[in-house]
Every structure is written in C-alpha cells, then in structure tokens.
Amino acid sequence: MSGASSWANASRVLCIRLDNMGDVLMTTPAMRALRHACPGRRLTLLASPAGAALAPFLPDIDEVLAYDAPWVKNERGDPADDARIIQALRRGQFDAAVIFTVYSQNPLPAAFMCRLAGIPLTLAHCRENPYRLLSHWAHETEPGPATRHEARRQLDLVERTGAFSHDPRLVFETRRTDHRSLRDKLAARGLNPDDALVVAHCGATASSRRYPAEHFAQALTQLGARAGTVILTGDATEQALTHEIARMCVRVPVVDLAGALSLGELACLIETAGLLLSNNTGPVHLAAALGTPVVDLYALTNPQHAPWMVPHRLLYHDVPCKYCYRSACPERHHDCLRKVPPEAVCGAVLELLAETRPLSARQPDRVA
C-alpha cells in the first residue's frame, strides 16, 4: 500500500457501490470529497439499477453505469452483463477506482473486474491480503465494538487517497420540475406542499426492518390531526400495505400516495414535509440528505445505518439477538420492532416536530 500521492493526478475516477439506494446515499460525502480533491476530476458511478436511479440528483457524479453484480443480492445474473460492464469500464479509461462496501461484502470480485478493465489504481476495505488485486486497501476491522456509521466508514476510506471532506452531509439535490409535478399531484388530492405534512413510509425491502402494519395504524390513529396530514408513501409493490394501513386508521387525515410518485417527487415531498416517520430504509437517508427530521423505526439488524447529521429519534426495543445483520428475523419474533409501542411512536413524532418545526418550515434552495 503506497501513499496518497499516486492518486493526486487521477482525473477519471470510478466509484463502485453495487448495493441499495440508501447505501449510495450514505456514500455521497465520500464521493464529494473525491470530486473536490483534484481540480477537474470526473466521477463515474457504477451502481445497481436502484442506486443508479440517484445519479440525476447527485451533482458530483458525471456519468452512471447500471450493473446487477452477481456477488451482490439481486434478482438477475446474466454473464453477458459481466462482459458488457468490463467492456464499458475499458472504454472509460479510468485512472482509478474506489470500491465502496459494507463489511460483509467482498470487494475482490469488483477489484478483479477493475484489473480486467486495466484500471491501475484501486482502493477498498478488504479482510484478506488482496495482493495485486488492489493497489491500496484498508484492513477490514468490522463488525466490532467500534463499528462506524456507514458514511464515516467511506469518508475514512477516501482519506487514504488524500480526499478530505469539508462538508460530510449526505447529498441529494431536488429539481424544480419535480416540485412542480408534486404540487400538481397534491393539488389533485386537495393538498398544498405548504400545508402541515408528515410523510409515513411504512415498507422496507427486508422483512426484518418492517414495523407491523397494525402498529403503524395505531400510532397514526393516536397522532390524529395534531401533526397535520399524513401522507403514506411506498413503491407500487407496497400499495397493498399502505391501503391496509390507511383502512385501519381512525379519524386521521391520511392520503395514500404509494406507487404515485417518482423518486424525484418523493424527495421533494420529504424535503417540504415537517417530518418523516419511517422504517430504516432508503427514504430515511433521503431525509438526512434533505435536512428533514426523522423518526426512525430502527430494527436492530445492524448499528451503522442511523440517520446521518439530521435531527432524529431512533425507536427500537433492545433484544439480546441485536445486530444479526439479517434480512429476515432469525428468531422469528421480530421483537426489536414489534415491541415498540405505538404510543411511543406518536410521542416521538410530536416531540421532534415541536423541537424542529421552525427549522423544517424553512424552504430550501431548489435547483433546476
């Protein structure tokens, strides 16, 4: 492992982050540090299709390549895609690549891909000696008692190249076009973005990170109209869930927008809302990037993905099996979320709103 000087002239850098949207968002501070460490440096993001969807909203990314890597959990795995992406990386003529992973992911398949593409400088966390597969590497020490937040982990990694951050916040820039289309969709339902709004995101890709639907409905029913109108969000696959929660809510102003919003519109809704109530999933990290306070129903599957640099409350029930790093509860009791009382959720929403309402009422700058 040589020092950072060899990276000083790397003008074309590939950033590899192949897991989920939230993971890409938590990597944006590190990518911003890389971008500004070298005048004229250009960044290309290699990401899963879900992560690649963020690219139009990330000002530090110049180009994006979407790829379903076979060594990351996904639904596809066509070998032709592997050959295609290696050819694309060769055409990119990259000077360097940084492979961003969580501790449980092996960086060496991506490192081998970079080697086949002729990328001379590569950096990643690695548990075993990668020999010539990585030109630079940080020894993997996690998980452990000093497990870092995911954003901090990746900032520490790029510091090895001489890239230091002066603004470690997550990055996502909303667009005027999305604000306009969101306003139209809200108006069609009798709402205005300037109304008192709370967003409730009730789904999550992993079942271990989902607060029970009936608990969500009870918490929202207890909240009533005290926080304003509650807008339920989710993708098209979560419509049955949000419809059921809306049906169970009693005397609550609830509007169900699951499946109705683009990613840009969802971000604009979160940006203008007073608060996000959510399971620990991608919209939590969107809210952190946009400065919107978060009440996070935080399944104790892992410790490093809490809301980053934004006012928040973490709600969970402590369990001896915490930090299982599993997508489905291995004990099958789901107690870390199931035992969070709905009244605690309601109280956290009202408390955080009372503390942050003046802050969240300020309208952020918007870009074209």
Side-chain angles (χ1 to χ4, degrees), residues 14-34 45-54 58 67-75 97-114 122-128 130 133-134 136-160 165 168 170-171 204-209 279-286 288-289 296 298-309 314 316 321-330 336:
L14 178 68
C15 298
I16 301 177
R17 184 85 221 210
L18 293 167
D19 34 14
N20 297 317
M21 181 182 76
D23 302 293
V24 174
L25 282 167
M26 288 184 284
T27 308
T28 53
M31 292 191 289
R32 170 157 285 182
L34 279 172
L45 173 65
L46 176 62
S48 68
L54 288 167
L58 305 182
Y67 174 51
D68 269 319
W71 59 91
V72 177
K73 183 168 58 178
N74 60 58
E75 300 299 324
V98 182
I99 303 165
F100 297 105
T101 59
V102 297
Y103 89 91
S104 59
Q105 295 168 346
N106 190 330
L108 295 184
F112 187 56
M113 187 171 64
C114 291
T122 48
L123 169 68
H125 290 96
C126 196
R127 198 171 301 280
E128 60 194 274
L133 277 182
L134 290 171
H136 298 71
W137 60 290
H139 186 255
E140 182 61 81
T141 60
E142 298 178 10
T147 297
R148 296 162 292 178
H149 191 281
E150 183 65 16
R152 182 71 260 165
R153 168 184 167 90
Q154 308 307 345
L155 283 166
D156 290 346
L157 181 66
V158 300
E159 284 181 3
R160 291 171 173 263
S165 173
L170 306 191
V171 180
T205 53
S207 62
S208 59
R209 291 187 280 114
N279 296 313
N280 195 56
T281 188
V284 165
H285 308 299
L286 272 178
D296 190 347
Y298 197 83
L300 294 178
T301 54
N302 56 8
Q304 72 268 40
H305 293 161
W308 177 252
M309 297 186 68
L314 291 185
Y316 57 84
C321 54
K322 64 184 175 184
Y323 309 149
C324 63
Y325 296 90
R326 301 290 291 275
S327 296
C329 177
C336 61

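Computed from a prediction, not measured in an experiment: that's the story for all the values here.
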Non-hydrogen side-chain atoms of Val98 and Leu34 separated by less than 4.5 Å: yes
Report yes or no: does Arg127 contribute a side-chain atom to a donor-acceptor pair with the main-chain N or O of Thr141 at less than 3.5 Å? no
Would you call Leu25 and Leu286 a side-chain contact if the rule is heavy atoms closer than 4.5 Å? yes
Heavy-atom side-chain contact between Cys114 and Ile16 under 4.5 Å: yes
Can you tell if the side chain of Phe100 reaches within under 4.5 Å of the side chain of Val158, non-hydrogen atoms only? yes
Heavy-atom pair with the smallest gap, counting every atom of Arg153 and Val102: NH2-C, 3.5 Å
Rounding to 0.5 Å, atoms CG (Asp19) and OG (Ser104) come to a distance of 8.5 Å
Minimum heavy-atom separation for Gln304 and Arg148, please, with both atom names. CB-O, 3.0 Å
Before giving the answer on ring pair (Phe, Tyr, Trp, His ring centres under 6.0 Å), spell out for Trp308 and His149 the whole-Å C-alpha distance, their side-chain angles and the decisive distance to 0.1 Å. CA-CA 8 Å; Trp308 177 252; His149 191 281; 4.6 Å; yes
Closest heavy-atom pair, Ser48 versus Leu18, reported as atoms and distance to 0.1 Å, is CB-O, 3.6 Å
Looking at CD of Glu128 and CD of Glu140, how far apart are the two atoms once the value is rounded to the nearest 0.5 Å? 11.5 Å
As an exercise, state the distance from CG of Leu155 to CZ of Arg152, rounded to the nearest 0.5 Å. 4.5 Å
Determine, stepwise, if the pair Met21 / Val24 fulfils side chain to side chain contact (heavy atoms under 4.5 Å, CB included). CA-CA 5 Å; Met21 181 182 76; Val24 174; 5.8 Å; no
If you round to the nearest 0.5 Å, how far is CG of Asn20 from NE2 of His305? 9.5 Å
Determine yes or no for a side-chain-to-main-chain donor-acceptor pair under 3.5 angstrom, with Gln105 supplying the side chain and Trp71 the backbone. no
Would you check, one step at a time, whether the test side chain to side chain contact (heavy atoms under 4.5 Å, CB included) holds for Leu134 with Cys126? CA-CA 9 Å; Leu134 290 171; Cys126 196; 4.0 Å; yes
Between atom CG of Leu54 and atom OG1 of Thr28, what is the distance when rounded to the nearest 0.5 Å? 9.0 Å
Once rounded to the nearest 0.5 Å, what's the spacing between atom CG of Asn106 and atom NE2 of His125? 13.5 Å
Considering all heavy atoms of both residues, which atom of Leu14 and which atom of Leu46 are nearest to each other, and what is their separation? CD1-CB, 3.9 Å
Measure the shortest side-chain to side-chain distance between Met309 and Leu170 over non-hydrogen atoms and say whether it is less than 4.5 angstrom. no
For Ala306 versus Leu314, what's the shortest heavy-atom pair and its separation? CB-CD1, 4.0 Å
Of all the heavy-atom pairs spanning Asp296 and Asn279, show the shortest one and how long it is. OD1-C, 3.8 Å
